[in-house]
Amino acid sequence: MAAQSEQVPSIMRQGRLTPWLYLLPALIVMTTFIVYPGLNTFYLSFRSNDATGWASENCQAGEPCWGLLENYRYALTSDIMLTAFVNNLKWILLMVSGTVLLGLLIATLADRVRYEPLAKAVIFLPMAISFVGAGVIWKFVYDYGTSQVQIGLLNGVVTALGGQPVSWLTEPQINTFMLIIVGVWMWTGFCMTILAAALKGVPTENLEAARVDGANEWQVFWGIMVPQIMPTITVVITTMVINVLKIFDIVYVMTGGNYGTEVIANRMYIEMYTSLKTGRAAAIAIVLIAVIVPAMIFNIRRFREQEAIR
Amino acid sequence: MNRRIHVLVTAVALAAMLLAACTPATQAPTSPPAAGGIDCMGAKSGDEISMFYQWSGAEETSLQAVLKPVVDACGIVIKPTSTRDQALIDTQVKAGTPPDVAFMNVTQLTQYKDQLKTIDSLGGNKANYASFFTDPGTVDGKWLGLPVKADIKTIIWYSPAVFNAKGYKVPTTWAELDALVEQMVKNGDVPWSMGFESGDPTGWTGTDFIQDILLVQQGPQYVLDLISGKVPYNDAGVKQAYETYGKWAKDPKYTVGGAQGTLSTAFLDAIYKPFADPPEAMMVKQSGFAGGEVVKKFPDLKYGTDYDFFPVPGAQGLQGGADWLMAFSDKPAVKALVTYLSSTTGGVNWAKASFGVSPNKSANGNYTDPALVKFGDALANTQGFTPDIGDTIPGGFGKAEFTAVVNYVNGKDLDAELAAAAKVQAEATK
């Protein structure tokens with residue numbers, strides 16, 4: 001023992017403290033920007049709207065009241081939040097399936113053509129545009145003119161084909177879907193890139209063996225490729241679910257959450273900065289975190305499993 | 001691109017040279033010397049004021065023109081932030097590092113009442129303001145906001161040229177307006193141009209219109225009772241006003257594009273429609289700022305012949321808003337600023353800068369812009385002045401009011417929408 005310590009210079013010897021010193025910068029950053037704000041948000045969600053008293057002060061005579069959990073009553077049962085939950089569900093179902101399926105389709109098809117880099121670049125390009133920029137672009141696409149001439153691309157096409165122009169962003173039956181299309185347009189490139197990388201990792205021997213055995217391309221795709229990249233697909237799906245749950249920018253820019261297009265994150269912003277109700281905003285934030293955390297845990301587990309396989 | 005930069009650089013250099021050439025001239029001031037009414041309140045040369053406002057472009061230049069005399073006389077240095085992002089000032093105030101001075105809406109007066117200095121303690125001259133201007137700026141008995149720039153909302157913009165050509169007359173009573181609207185429909189003209197779309201606060205043009213209808217049908221006291229919470233927002237009078245409005249706003253015969261046109265047209269585009277060639281509509285109800293937007297879009301149009309406004313006929317009193325100066329600091333430079341703006345000199349200079357109308361009484365009579373002269377007179381002669389209901393009730397009522405009008409025009413049940421807004425109103429005014 002003594003001989004050993006003579007060989008190692010004392011400066012390189014690690015005490016119990018040393019690992020913590022290495023961790024310190026990261027810990028400080030995480031505590032300041034993640035742990036403290038998180039805990040404070042949790043605390044604020046039980047406080048009144050201006051954070052001077054407890055949440056029960058927000059209760060109204062003659063209205064249902066959850067006492068200390070009053071802000072959660074709003075976050076979980078108010079009409080506007082129910083609209084937001086339904087819309088977020090629509091977003092998850094359509095945008096996640098849309099981006100993953102389209103991404104997979106394009107990744108598979110692009111793999112077989114000579115101009116693959118070009119095709120992929122075009123699909124990936126929208127990722128380079130900010131959400132706000134994309135919102136503004138698509139607002140023009142969906143523009144509804146009151147005069148004969150339609151400057152909106154979509155209504156231009158519709159009227160050229162002899163149809164009646166539609167106010168895409170204000171019609172309650174279709175507007176959320178029109179917003180989801182923008183999301184799909186932006187994120188398909190992300191899914192495509194990751195899935196394409198996974199597809200390249202499928203060993204050619206397996207594919208050739210299947211083809212030699214007489215499998216057609218359809219069978220190769222579903223029987224060999226998809227099972228082989230399944231872990232990646234799951235990770236992409238969960239990542240997209242997390243992304244979509246947090247969706248804010250597109251809605252804020254294009255409709256401001258009006259006309260029945262409200263989503264959770266936009267409501268949180270409005271309660272915080274337009275209505276100045278800190279307590280409610282904090283409660284919505286906690287609800288949003290509570291919904292996202294399971295998806296994140298699942299994602300991290302899958303990631304670890306994948307690492308273990310490698 | 002490169003060439004443009006060269007041109008820019010040359011222009012800047014030229015401007016700098018011109019300015020340099022001018023410097024000796026400014027030593028002999030053309031305006032009355034600093035002693036002529038400007039009290040520096042102990043501010044020293046080089047004192048800084050951090051300032052926060054929403055104006056940009058030409059408006060920002062006008063503000064600088066208004067402030068120039070006090071800046072020159074006292075040597076104050078102004079450090080402005082121009083942004084429409086309310087979240088920014090909110091974050092700064094919560095962090096304990098607010099700007100010295102902010103020009104914001106009446107909502108912020110209540111929101112920041114604990115942090116603001118009273119205008120009296122900063123040398124504000126109350127005698128220069130009508131009580132309907134100081135009252136909304138008074139929170140819990142303390143005068144916290146100095147109104148600096150007013151805008152009148154109870155007006156309708158139209159084209160005198162088009163009215164003459166079609167034989168329409170400016171109405172003087174609500175019944176005449178109603179008859180005029182029906183006449184226009186009969187002639188195949190669309191009377192109104194309406195547009196809600198404005199991002200997050202979409203719908204404010206609708207609630208503005210409805211408040212004017214309330215002033216016609218119910219009068220100013222009713223509006224003030226709505227603000228204080230004495231009258232609930234789902235009262236029969238409010239419903240009647242919504243229905244009066246909805247008859248026009250939801251029908252393509254009465255408004256451009258019908259309900260979907262109202263919902264999806266940007267409020268600025270709505271201002272342009274009556275002045276386009278050929279006009280898409282005959283009238284647009286919009287605040288005083290609309291005149292400036294019309295000339296920006298159609299620079300050839302002349303005020304008085306091509307575009308003009310008339311008060312909403314039958315309205316008892318005016319609806320309007322103001323930008324409020326609020327001070328988070330009481331340092332000498334801020335005192336100098338407040339003293340100057342609320343003084344007679346300040347009012348006169350505001351009028352001369354043609355930067356909207358000033359609530360400062362001494363401004364009237366000094367406007368040069370013909371539209372502002374008309375505004376100034378309307379303001380000086382009004383029997384009542386009501387602030388915007390949505391702006392004045394704190395705690396998210398504004399948003400609830402917008403949601404109600406947007407959903408109503410979009411076909412939702414009016415009773416349910418008004419009840420939802422009334423709930424927020426009750427919460428905010430309890």
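First the proteins, then the strands, lettered A, B, ... as listed; each starts at 1. Keep in mind it's a predicted model, so treat the numbers as computed, not measured.
Checked by atom type, the side-chain pair A:Trp168/A:Asn155 shows a donor-acceptor distance below 3.5 Å. Donor-acceptor pairing under 3.5 Å is lacking for the side chains of A:Trp54 and A:Ser48. A side-chain N or O of A:Thr261 and one of A:Thr255 form a donor-acceptor pair less than 3.5 Å apart. Side chain to side chain, B:Thr97 and B:Gln92 fail the donor-acceptor criterion of an N or O pair below 3.5 Å.
Contact of A:Ile270 with chain B is made through the side chain alone, with heavy-atom distances under 4.5 Å. Only the side chain of B:Gln111 comes within contact range of chain A, with at least one heavy atom under 4.5 Å from a heavy atom of that chain. For A:Tyr269, the part lying near chain B is the side chain, with the backbone staying farther off; criterion is any non-hydrogen pair under 4.5 Å. Of the two parts of B:Thr202, the backbone and the side chain both hold a non-hydrogen atom closer than 4.5 Å to a non-hydrogen atom of chain A. When heavy atoms are compared at a cutoff of 4.5 Å, B:Asp114 does not approach chain A at all. With a 4.5 Å cut-off on non-hydrogen atoms, A:Glu171 touches chain B through its backbone and its side chain both. Interface remark: A:Leu276 contributes side-chain atoms only to the contact with chain B (heavy atom separation under 4.5 Å). Within the 4.5 angstrom heavy-atom criterion, atoms from both the backbone and the side chain of B:Asp200 approach chain A. At a 4.5 Å heavy-atom cutoff, the contact between B:Thr91 and chain A is made by side-chain atoms alone.
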*Given the rule in the salt bridge (charged side-chain N to carboxylate O under 4.0 Å, His left out) test, do B:Lys239 and B:Asp415 qualify, once you have shown the distances and angles that lead to the verdict?*
CA-CA 8 Å; B:Lys239 191 180 175 191; B:Asp415 288 324; 3.2 Å; yes
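For the pairing with A:Lys246, the side-chain contact (heavy atoms from CB on, under 4.5 Å) check across A:Ile242, A:Val244, A:Asp249 returns one residue only, A:Ile242.
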